[in-house]
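Hydrogens, waters and symmetry mates play no part in the numbers below; they use all other heavy atoms, side chains included. Model, not experiment: these values are computed from the prediction.
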Amino acid sequence: MKAHAVTLALVTGALLLTGCGAAPSAQGGFVGGDGSLTVVAPEQRKPAPQVTGVLLGGGSFDSATLGGRVVVYNVWGSWCAPCRKEAPALEAAARRTSDKATFVGLNTRDLDSAPAEAFVRAFGITYPSVFDPDGRELLKFGTDLPPSAIPSTVVVDAQGRVAARVLGEVTESTLVGLVEDVAAGK
């Protein structure tokens with residue numbers, strides 16, 4: 001019995017260190033990204049998927065209405081500790097780049113919108129978030145945004161193409177730099 005308790009404690013600790021939680025996903029569990037950054041050269045970019053859905057707090061979202069602007073999608077969940085840690089940086093970057101970019105959250109794996117709405121209030125998030133409990137919108141990104149790496153961030157250029165991706169926590173300065181570079185056509 002004691003050995004079982006020790007094993008359970010070790011497994012639980014390992015799960016907490018490797019990602020946001022132990023809930024299953026299509027790829028066998030959530031994993032925290034390592035903060036790796038991928039930037040795609042303009043001539044190699046491919047179209048981002050159209051994102052649609054119901055917004056937290058009401059209303060609807062359709063990325064087709066955002067043409068001509070850089071769009072930053074951040075995948076998050078209220079249950080995700082790294083998401084809580086990066087939330088202030090995302091909000092600050094959204095404010096600093098509001099003349100160039102639109103930030104949109106993709107709230108995933110929250111089966112009820114109440115915890116997600118509480119997260120938005122607690123961190124003073126002013127940009128909209130699509131409520132995506134089953135990950136349908138997230139899965140549209142395919143390999144550009146692995147469904148098990150939460151948080152993740154994708155930057156889409158003004159032509160609607162995937163320009164950059166960060167797997168894991170992102171900083172304000174990284175996001176601001178990415179938005180400025182992508183807005184400048186880099």
Side-chain angles (χ1 to χ4, degrees), residues 18-20 25-53 55 61-77 80 82-109 125-132 134-186:
T18 60
C20 292
S25 78
Q27 294 186 358
F30 296 112
V31 293
D34 59 4
S36 62
L37 169 64
T38 303
V39 178
V40 182
E43 65 276 3
Q44 296 177 339
R45 294 176 185 167
K46 61 183 182 177
Q50 181 177 1
V51 175
T52 60
L55 293 171
F61 176 81
D62 186 342
S63 62
T65 65
L66 301 177
R69 285 185 61 81
V70 173
V71 180
V72 178
Y73 291 105
N74 176 259
V75 181
W76 64 278
C80 169
C83 299
R84 289 189 295 275
K85 186 174 176 190
E86 77 172 358
L90 283 156
E91 178 61 25
R95 288 176 189 257
R96 284 181 57 190
T97 61
S98 64
D99 60 329
K100 297 176 183 77
T102 300
F103 278 58
V104 179
L106 292 176
N107 170 253
T108 191
R109 308 292 198 275
I125 304 297
T126 59
Y127 54 84
S129 281
V130 175
F131 182 58
D132 188 28
D134 59 5
R136 186 173 303 150
E137 298 306 306
L138 169 61
L139 291 174
K140 288 179 180 180
F141 284 91
T143 58
D144 289 326
L145 198 54
S148 62
I150 301 169
S152 294
T153 304
V154 169
V155 180
V156 176
D157 67 18
Q159 291 76 39
R161 304 171 303 173
V162 175
R165 167 186 85 179
V166 179
L167 297 179
E169 249 177 83
V170 67
T171 65
E172 177 184 351
S173 61
T174 296
L175 272 177
V176 169
L178 283 172
V179 167
E180 288 176 350
D181 284 352
V182 170
K186 297 179 187 177

| query | About how many Å separate CZ of Arg96 and CD of Glu180, when rounded to the nearest 0.5 Å? | reply | 7.0 Å

| query | Which heavy atom of Pro42 sits nearest a heavy atom of Gly185, and at what distance? | reply | CG-O, 3.5 Å

| Where the side chain of Arg45 meets the backbone of Val40, is there a donor-acceptor pair that is under 3.5 Å apart? | yes

| query | Rounded to the nearest 0.5 Å, how far does CG of Asn74 lie from OG1 of Thr153? | reply | 4.0 Å

| task | Please answer whether the main-chain N or O of Lys46 pairs with a side-chain N or O of Arg161 as donor and acceptor at a distance below 3.5 Å. | result | no

| request: Would you confirm whether Lys140, through its side chain, and Gln50, through its main-chain N or O, come within 3.5 Å as a donor-acceptor pair? | output: yes

| query | Minimum heavy-atom separation for Val72 to Val179, with atom names? | reply | CG2-CG2, 3.7 Å

| task | Report the distance from atom CD of Glu169 to atom CG of Leu90, rounding to the nearest 0.5 Å. | result | 9.5 Å

| message | As an exercise, state the distance from CD of Glu86 to CG of Leu175, rounded to the nearest 0.5 Å. | response | 8.0 Å

| request: I would like to know whether Arg109 and Leu138 meet side-chain contact (heavy atoms from CB on, under 4.5 Å); could you show each step before the answer? | output: CA-CA 10 Å; Arg109 308 292 198 275; Leu138 169 61; 4.2 Å; yes

| Which atom pair, heavy atoms only, marks the closest approach of Tyr73 to Ser63? | OH-CB, 3.1 Å

| message | For the CG atom of Leu139 and the CG atom of Asp132, what is their distance to the nearest 0.5 Å? | response | 7.5 Å

| message | Apply side-chain contact (heavy atoms from CB on, under 4.5 Å) to residues Thr97 and Phe103 and explain how you reach the verdict. | response | CA-CA 9 Å; Thr97 61; Phe103 278 58; 3.3 Å; yes

| request: Could you point out which residue of Asp157, Val155, Val154 forms a side chain to side chain contact (heavy atoms under 4.5 Å, CB included) with Val162? | output: Val154

| Is there a donor in the side chain of Glu91 and an acceptor in the side chain of Thr126, or the other way round, less than 3.5 Å apart? | yes

| query | If only atom types and distance count, is the side chain of Glu137 paired as donor or acceptor with the main-chain N or O of Thr52 below 3.5 Å? | reply | yes

| request: Take Leu178 and Leu37 through the test side-chain contact (heavy atoms from CB on, under 4.5 Å) and record every step on the way to the result. | output: CA-CA 10 Å; Leu178 283 172; Leu37 169 64; 3.8 Å; yes

| said: Any non-hydrogen side-chain atom of Val130 less than 4.5 Å from a side-chain atom of Asn107? | reply: no

| Does Thr171 reach the main-chain N or O of Thr174 with its side chain, forming a donor-acceptor pair under 3.5 Å? | yes

| message | Using every non-hydrogen atom in the two residues, find where Ala163 and Val182 come nearest and quote the distance to one decimal. | response | CB-CG2, 3.7 Å

| note | Closest non-hydrogen atoms of Trp76 and Ile150, given as atom of the first, atom of the second and distance, are CA-CG2, 4.1 Å

| field | From Ser152 atom OG to Phe141 atom CZ, the distance as rounded to the nearest 0.5 Å | value | 10.5 Å

| query | What are the two closest heavy atoms between Pro151 and Cys80, and how far apart are they? | reply | CD-SG, 3.7 Å

